[in-house]
Amino acid sequence: MQPEKKLREGNPVAIYKMMKRMSVDVRTFIPEVEKFRSNPIKIPRPAITNDDLVGTVKGIFRISDVYEYPLEDIILHGKLGSYETNTELTADEIQVFYLTALYGGTHPFRMDTDPVMIVDRFDYPLFERIMEKSFALESSNNVLYDNAHLFLYYKRLIVPFIQFGEDFNVEHFGLLLSARFSDFAQITDMALKVLKEYVQEQNKTFVNAFQSNDIFTPYSKRNASIYRLACQGNLSVPEKIKSSLKCYYESYRNPYLKIGPFKIEELYLDPRIIKIHNAIADSEIEELIGYASEKITRGTVFVEPGKSTYSDIRLANTFFMDQNLPEYQSFGKKMYSRIADMTNLVMSSDETQKEKFQSSNYGLGGYYDLHSDSADRKENSIWRLATLMFYLTNVELGGATIFPSLNLTVFPDKGSAIFWYNTHANTLLDHRMVHSGCPVAIGNKWVVNQWIQEPAQMFARPCVYGEPLTDIKDTYLGYWDKLRHGNFVYFTPNISSRYALM
Ligand SMILES: O=C(O)CCC(=O)C(=O)O
Ligand SMILES: [Fe+2]
């Protein structure tokens, strides 16, 4: 048996507790305080929004789903697999968790939704056990059940059932509660009546989970079990490939690198993916995170040329570092020349051919769903020939980068970088390189991406010409052994010939 590990930072249960305190509790508390103030100025509300709270709760659902840690273990016992967080939720926190999930678009009772939708794990018997625990905690805290308190309790627990017109549940949980607190049978009855009126009057609309299926995208939906296995590190590269992978020193005939060659570890051969050890120093990491932390904002995904959007497929904060700005110039220059050495590719000075350094930071449940870094051949589209990605942190639990079509899982290793090509040698998108940053379960993850554009590589990496690879988009899983080779003719690309294959 694995020894139980203690959590140091990035504990999702503790984060949820803090989020709840900073949103629900503080907002309830401020108006109470304001009543007693003589001056009429409003106390500023905290910056934590309902969205933050919903995001935290959804993040915990996502962790539970992807790593297959029972939600009950997480929220009732503070356990994530073999990790013991020692941070149980209180009765009040459990209730708010459940309601946030529900109102945030995650219906905790439905068993008949899409089987992949994670809410099916939050089921009836679980809810009953959560209530039991919730009550046990309340009683052991010697909370006095006055009428107002009981009313609050009922309001929180039963409103959703009334709202969804689930009379059976209203009766069922009403009975359960009054059996436990028989003294309060009368008040229970009264509270229920008042509540029904309250709900009807308010005529509120809550998010319906059936229309809010935004936790998983079609990509990972289709391959949910593979996605989970890959994120858990339970897929492995075929033995045949693994046995021919090597580690070596690389200096690319560069005299400077003879003194300090790169330490390369092969992760995959065809397509080639390498890991470069000691790619960035701790002091540089600190500097980079320092720059990014000041400016970081929610990351977007590419929709079409010139258009990006927020999406639940990418839950991370990002920062593009413009090395033309004086404050980043010296750092940018140093990194650019190292990246050129590492990849043997040209880091163009042409504005239209170079990309800014992109830092991404993932918190609780943060992830980036399956995607390609480049796009299919389209005019004005992005031409990200290759990706170099630095890991700036280790992650306590979760947060791997996965390439499910290659059975490859790469766990973050602070200071290292991984490198791969996004396109075939003929410049068509290589669908085998679809990858994802798995949800962070415990900890905080930072990566930096440098995408390297194709047009600048005319002499560094002449492309090879061949038949377009057809119809591989939707069958990328296990595709690597079906790839067609052959008929390749070398040519030096220019812009017009690039469209010859369309
Ligand atoms: O965070 C990761 O592991 C992957 C990030 C990524 O794929 C991206 O930013 O394009
Ligand atoms: Fe990516």
Side-chain angles (χ1 to χ4, degrees), residues 10 59 62-63 66-67 217 219-220 227 230-233 235 267-268 271 273-276 279-280 285 288-289 292 296-303 308-321 355-376 381-406 408-423 429-453 476:
R62 190 174 307 110
I63 292 167
V66 171
Y67 300 105
T217 59
Y219 246 146
S220 51
Y227 188 85
C231 285
Q232 292 163 10
L235 285 181
L267 301 179
Y268 212 87
I273 304 179
I274 55 167
K275 173 172 171 178
I276 302 140
I280 183 165
I285 290 177
L288 194 49
I289 292 183
I296 206 149
T297 53
R298 167 116 192 235
T300 56
V301 294
F302 178 85
V303 184
S308 290
T309 180
Y310 295 129
S311 163
D312 265 9
I313 81 155
R314 185 180 204 181
L315 295 173
N317 287 322
T318 59
F319 167 63
F320 278 101
M321 188 171 135
E355 297 220 24
K356 292 169 191 145
F357 229 33
Q358 190 202 46
S359 318
S360 300
N361 175 222
Y362 305 83
L364 184 157
Y367 82 126
Y368 191 174
D369 205 343
L370 294 167
H371 66 278
S372 291
D373 282 352
S374 198
D376 264 320
S381 194
I382 39 172
W383 287 90
R384 288 172 176 166
L385 174 78
T387 300
L388 179 71
M389 187 174 79
F390 294 90
Y391 292 108
L392 306 188
T393 53
N394 295 318
V395 179
E396 189 79 9
L397 192 65
T401 308
I402 59 164
F403 297 81
S405 56
L406 307 174
L408 179 66
T409 301
V410 186
F411 284 100
D413 176 10
K414 184 176 175 182
S416 72
I418 57 173
F419 175 74
W420 68 87
Y421 285 98
N422 294 303
T423 64
L429 187 65
D430 188 342
H431 291 274
R432 301 170 301 174
M433 308 318 292
V434 163
H435 59 278
S436 162
C438 293
V440 169
I442 298 170
N444 186 17
K445 175 182 172 189
W446 279 93
V447 295
V448 166
N449 273 295
Q450 178 67 61
W451 290 294
I452 300 168
Q453 297 251 347
Y476 70 88

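Each ligand, and each atom within it, is numbered from 1 in the order the structure gives. Numbers for residues simply follow the sequence, beginning at 1.
In the model, Asp430 has no side-chain atom that pairs as donor or acceptor with a side-chain atom of Asn422 under 3.5 Å. Remark: the Glu355 side chain and the Gln450 side chain contain no N/O donor-acceptor pair separated by less than 3.5 Å. Between the side chains of Asp373 and Thr387, at least one donor N or O sits under 3.5 Å from an acceptor N or O.
Ring-plane geometry between Tyr421 and Phe419 is classed as perpendicular, the angle between the planes exceeding 60 degrees on a 0 to 90 degree scale with a lower cut at 30. The aromatic rings of Trp420 and Phe403 sit perpendicular to each other, their planes meeting at more than 60°, with 30° as the lower class boundary.
Ser359 pairs in a side-chain contact (heavy atoms from CB on, under 4.5 Å) with only one of the listed residues (Val447, Asn449, Thr318, Val448), which is Val448.
Using a 4.5 Å heavy-atom cutoff, the side chains of Met433 and Ser372 are not in contact. No side-chain heavy atom of His435 sits under 4.5 Å from any side-chain heavy atom of Leu408. Tyr362 places a side-chain heavy atom less than 4.5 Å from the side chain of Tyr368.
Residue-level contacts of ligand 1 at the 4.0 Å heavy-atom threshold are Arg314, Tyr362, Tyr368, His371, Asp373, Met389, Thr401, His435, Gly437, Lys445, Val447, Asn449, Trp451.
For the Fe ion (ligand 2), protein N, O or S atoms under 2.8 Å: 3 in total.
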